[in-house]
Trainee: 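First the structure, which I've put down as structure tokens, then a few questions once you've had a look.
Sequence positions, counted from 1, serve as the residue numbers for this chain.
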Amino acid sequence: PNTINRATTLFRMDYCFTVAFALFITIFGRVLASGPCYNHQDETYNAHFKPSSCRSTCTVTPFFSPDNSVNAYVSVIQDAKENIDLLEPGFKSWSNCTYYSSECGGKCTGCTLEDQFNEEFPVFPALLNAVHGKNIAVRFLTNDFYVPTCKNKTTPMDWMFLNGIQIKFYKTTTFQHAKFMVIDKGRKVLISSVNFSKTSFTKNREAGVILSDCDCSVIDLYQDVFNSDWETGYDYKMTNEYSSDDKKYITNPKPMPFPNLSPFSVPGAFVTGMDSYSGVTIKKGYTAPDNARDTFMDGLDEAKSSLMVYIYQITDAGICDKLLDMHKKGINVTLLVGSYIVSYIDYEKAQDCYHKLYDGGMQGNIQKSYTKFSFSHQKYWIVDETTVHLSTGNWSPSDFPEGDSFPPYSKSQHSVNRDMLVVMESKDIVNEFHNVFVQDWAMGTPWKPKN
């Protein structure tokens, strides 16, 4: 009898484990099939935006974190006369009003009304003051991470929504990765690598440009992309209820207090400026994923003598092979890459690429960025010291996907990002970006394989 009981018990335990494991696989499989929680794409996206090559001249103002990104964003917002269209992956408070433990579906977030009114992130009061002080129409398109507002609390998104800022969630492709603003339907355009987080503005190396005084079809392209994604998106809905007194407090049109706009700095890092240059030729503008990979690869093919790349990560095997091929053809390829990468999977893929390049003869041509930056998150490259390419995306499969038709993640199992890119020709612009590259290279350390 004891033997039979033990056998019965073991059978039941094995059966329970099998059922539990099967249930886990079923649930986990469904999660993998549907994709990341920020993915809301429900229709196949077919590329239809073509690169624009107007070769017109513009005034261009380069800027870099941690030194001048805050001033760049605030100055552009304050200069608006009619409207602001804003694309950002998210909106994180500098005053712990969006604190949550997970990017997706985490616990509720929020802070007191008083704390939110005194928000330390300068872009927040700049937007609200533009709405109330100048009657500026603001549209904000971002990702939906499924994080609700806690009861009796508020968040920047709720606050902006209650004050008349139109907010929609992105669903054209898997993820809205662009960091981008259009002012007054193209009078000014800002493109950068800067996320709306305190680290990105004050502790990272980031890079961006402000384009102004442009009579160029590239500007029309950027506006058309925003308008298309806006129409595809879905409306923001608050998860919290506010009393009439709370709403009265939140929507008070009095000017919001402005935090200190003094330049931030990282100890020992090269300090950048923020000068404007007229007569800059805008050689090309394009958006990912629309024909972006071919356009990007064509841009690399234009290199005849040198390619200088300063980027957060390179995780695309095809792009990595392209760099090695360029090196073997005698083109001087130098890479300054991020020392730290958030995703472990991306980190390993990046190391695989750098290892391949190192073994292919590029020893001494790959440098890790200055380690006192939280992240070196910039994304630009210089071709033959004549042309600067600047992107909101990394050299990754999700930023430069192959093909021209992109099904939802549930059907393809591939992430596809929206990104913006600009190509500029100007001695002054090349000098600005080249100088940052050289100065930051000097503070970096050579990349070597792990023993």
Side-chain angles (χ1 to χ4, degrees), residues 49 58 61 70-93 116-117 119 121-144 154-172 176 178-192 194-196 208 210-238 242 247-258 285 287 392 418 420:
F49 291 110
C58 299
T61 307
V70 168
N71 280 319
Y73 273 82
V74 170
S75 66
V76 167
I77 292 169
Q78 290 179 332
D79 190 53
K81 301 183 185 303
E82 296 179 4
N83 48 60
I84 298 170
D85 288 336
L86 175 63
L87 268 174
E88 275 288 332
F91 198 110
K92 290 191 175 182
S93 166
Q116 188 60 81
F117 179 77
E119 171 66 54
F121 182 19
V123 168
F124 180 75
L127 288 170
L128 271 297
N129 290 343
V131 169
H132 290 302
K134 298 166 64 178
N135 199 29
I136 303 296
V138 180
R139 297 190 295 177
F140 178 34
L141 184 61
T142 188
N143 297 297
D144 184 0
T154 192
T155 62
M157 297 278 280
D158 282 4
W159 194 291
M160 290 189 293
F161 181 78
L162 287 169
N163 278 281
I165 292 179
Q166 299 178 70
I167 304 174
K168 279 191 173 184
F169 287 129
Y170 176 87
K171 68 168 189 171
T172 305
Q176 196 305 100
K179 300 87 176 170
F180 170 80
M181 250 196 310
V182 180
I183 304 298
D184 298 335
K185 298 180 180 179
R187 189 171 62 84
K188 286 191 175 183
V189 170
L190 184 152
I191 302 175
S192 82
V194 183
N195 289 306
F196 274 14
I210 301 168
L211 310 178
S212 56
D213 304 323
C214 297
D215 182 14
C216 178
S217 59
V218 168
I219 305 303
D220 296 331
L221 168 69
Y222 295 144
Q223 184 69 71
D224 290 345
V225 172
F226 180 93
N227 290 342
S228 177
D229 288 346
W230 180 263
E231 290 303 315
T232 304
Y234 59 98
D235 292 337
Y236 177 80
K237 289 182 172 58
M238 295 189 300
Y242 293 89
K247 289 181 179 179
K248 185 177 179 180
Y249 181 88
I250 291 171
T251 58
N252 190 325
K254 69 179 181 181
M256 301 190 73
F258 232 86
T287 183
T392 66
R418 169 68 79 201
M420 301 290 187

Trainee: Working to the nearest 0.5 angstrom, can you tell me the gap between Trp159 CH2 and Thr251 OG1?
Mentor: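 Answer rounded to 0.5 Å: 9.0 Å.
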Trainee: Identify the two heavy atoms, one from Ala178 and one from Pro89, that lie closest to each other, and give their separation to 0.1 Å.
Mentor: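 Of all heavy-atom pairs spanning Ala178 and Pro89, the closest is O-CD, 3.4 Å.
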Trainee: Show every salt bridge (charged side-chain N to carboxylate O under 4.0 Å, His left out) that has at least one partner inside residues 219-229, sequence neighbours left out.
Mentor: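 Those involving residues 219-229 are Asp229-Arg418.
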Trainee: Give a yes or no on whether the backbone of Gln176 and the side-chain of Asn143 come within a donor-acceptor separation of less than 3.5 Å.
Mentor: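 Looks like yes, one N/O pair under 3.5 Å.
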Trainee: Residues in side chain to side chain contact (heavy atoms under 4.5 Å, CB included) with Asn252, at least two apart?
Mentor: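 Side chain to side chain contact (heavy atoms under 4.5 Å, CB included) check on Asn252 returns Lys254.
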Trainee: Only counting residues at least two apart or in another chain, list the ones meeting side chain to side chain contact (heavy atoms under 4.5 Å, CB included) with Leu221.
Mentor: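 Expected list: Phe49, Ser52, Val225.
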Trainee: Is there a donor-acceptor contact under 3.5 Å linking the side chains of Glu231 and Asn227?
Mentor: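 No, no side-chain donor-acceptor pair sits under 3.5 Å.
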Trainee: On a heavy-atom basis, which atom in Phe258 and which in Pro122 lie closest, and how many Å separate them?
Mentor: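 Reported closest heavy-atom pair: CZ-O, 3.9 Å.
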Trainee: Of all residues at least two apart in sequence or in a different chain, which pass the side-chain hydrogen bond (donor to acceptor under 3.5 Å, both in side chains) check with Tyr234?
Mentor: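 Expected list: His40, Asp144.
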Trainee: Begin with the C-alpha distance, continue with both residues' side-chain angles, and end with the deciding distance and a verdict on side-chain contact (heavy atoms from CB on, under 4.5 Å) for Val189 and Ile183.
Mentor: CA-CA 6 Å; Val189 170; Ile183 304 298; over 6 Å; no
Trainee: Are Leu190 and Phe180 close enough, and set up right, to give a side-chain contact (heavy atoms from CB on, under 4.5 Å), and what steps lead you there?
Mentor: CA-CA 5 Å; Leu190 184 152; Phe180 170 80; over 6 Å; no
Trainee: With Lys171, which residues qualify under salt bridge (Lys or Arg N to Asp or Glu O under 4.0 Å), at least two apart?
Mentor: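 Expected list: Asp42.
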Trainee: For the residue pair Tyr236 and Phe140, is the inter-centroid distance of their aromatic rings smaller than 6.0 Å?
Mentor: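 Aromatic pair excluded; centres sit 6.0 Å or further apart.
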Trainee: Residues in side chain to side chain contact (heavy atoms under 4.5 Å, CB included) with Val131, at least two apart?
Mentor: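 If we apply the side chain to side chain contact (heavy atoms under 4.5 Å, CB included) test to Val131, skipping adjacent residues, the hits are Val138, Ile165.
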Trainee: So, for Ile136 and Ala80, which heavy atoms are closest and what is the spacing to 0.1 Å?
Mentor: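 Looking at all heavy atoms of both residues, the shortest contact is CD1-O, 3.5 Å.
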Trainee: For Tyr222, give me all partners under side-chain hydrogen bond (donor to acceptor under 3.5 Å, both in side chains), at least two apart in sequence or on another chain.
Mentor: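 In terms of side-chain hydrogen bond (donor to acceptor under 3.5 Å, both in side chains), with neighbours along the sequence ignored, Tyr222 is linked to no residue.
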Trainee: Can you tell me how far the CD atom of Gln223 sits from the OG atom of Ser228, to the nearest 0.5 Å?
Mentor: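 The distance works out to 11.5 Å.
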Trainee: Which value, rounded to the nearest 0.5 Å, describes the distance between Met420 atom CE and Thr287 atom OG1?
Mentor: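 Rounded to the nearest 0.5 Å, the CE-OG1 separation comes out at 4.5 Å.
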Trainee: Any heavy-atom pair between the side chains of Ile191 and Thr392 that's under 4.5 Å?
Mentor: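 Thr392 reaches Ile191 side chain to side chain.
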Trainee: Identify, with sequence neighbours excluded, every residue that meets side-chain hydrogen bond (donor to acceptor under 3.5 Å, both in side chains) alongside Tyr242.
Mentor: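 For Tyr242 the side-chain hydrogen bond (donor to acceptor under 3.5 Å, both in side chains) partners, ignoring immediate neighbours, are Thr154, Asp158.
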Trainee: Show the nearest heavy-atom pair for residues Ile167 and Met157, with the distance to one decimal.
Mentor: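 It is CD1-O, 3.5 Å.
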Trainee: Taking all non-hydrogen atoms of both residues into account, name the closest pair between Glu119 and Ser93 and its distance.
Mentor: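 Smallest interatomic distance, heavy atoms only, reads OE1-OG, 2.7 Å.
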Trainee: Nearest heavy-atom pair of Phe117 and Pro255: which atoms, and what distance?
Mentor: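 Closest approach of Phe117 to Pro255: CZ-O, 4.4 Å.
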Trainee: Contact between Met181 and Tyr73 at the side-chain level, heavy atoms closer than 4.5 Å - yes or no?
Mentor: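 Yes, at least one pair of side-chain atoms sits under 4.5 Å.
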Trainee: Got a sec, which residues hit salt bridge (Lys or Arg N to Asp or Glu O under 4.0 Å) with Lys179, two or more places apart in sequence or on another chain?
Mentor: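 Salt bridge (Lys or Arg N to Asp or Glu O under 4.0 Å) check on Lys179 returns nothing, list empty.
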Trainee: Step by step, would you call Thr142 with Tyr170 a side-chain contact (heavy atoms from CB on, under 4.5 Å)?
Mentor: CA-CA 6 Å; Thr142 188; Tyr170 176 87; over 6 Å; no
Trainee: Using side-chain contact (heavy atoms from CB on, under 4.5 Å), reason through Lys92 and Phe196 one step at a time and then give a plain yes or no.
Mentor: CA-CA 6 Å; Lys92 290 191 175 182; Phe196 274 14; 5.8 Å; no
Trainee: CE/Met256 to CG/Asn163 distance, rounded to the nearest 0.5 angstrom?
Mentor: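 Rounded to the nearest 0.5 Å, the CE-CG separation comes to 8.0 Å.
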Trainee: Does Ala72 have any side chain to side chain contact (heavy atoms under 4.5 Å, CB included) partners at least two apart in sequence or in another chain, and if so, which?
Mentor: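 With sequence neighbours excluded, Ala72 shows a side chain to side chain contact (heavy atoms under 4.5 Å, CB included) to Phe63, Ile210, Met274, given in chain and number order.
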Trainee: Measure the spacing between CG of Asn129 and CZ of Phe124 and express it to the nearest 0.5 Å.
Mentor: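 Here the rounded value is 10.0 Å.
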Trainee: Atom CD in Gln166, atom CG in Asn83: separation rounded to 0.5 Å?
Mentor: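 Reported to 0.5 Å precision, the distance equals 10.5 Å.
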Trainee: Test Cys214 against Cys58 for disulfide bond (SG atoms under 2.5 Å apart), laying out the working first.
Mentor: CA-CA 5 Å; Cys214 297; Cys58 299; 1.9 Å; yes
Trainee: Mind jotting down which residue pairs meet the salt bridge (charged side-chain N to carboxylate O under 4.0 Å, His left out) criterion with at least one end in residues 74-83? Sequence neighbours excluded, please.
Mentor: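 Matches after skipping sequence neighbours: Asp79-Arg187, Asp79-Lys188.
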Trainee: Among pairs that include at least one residue of residues 121-140, which meet salt bridge (charged side-chain N to carboxylate O under 4.0 Å, His left out), considering only residues two or more places apart or in two chains?
Mentor: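 Sorted result for residues 121-140: Asp85-Arg139.
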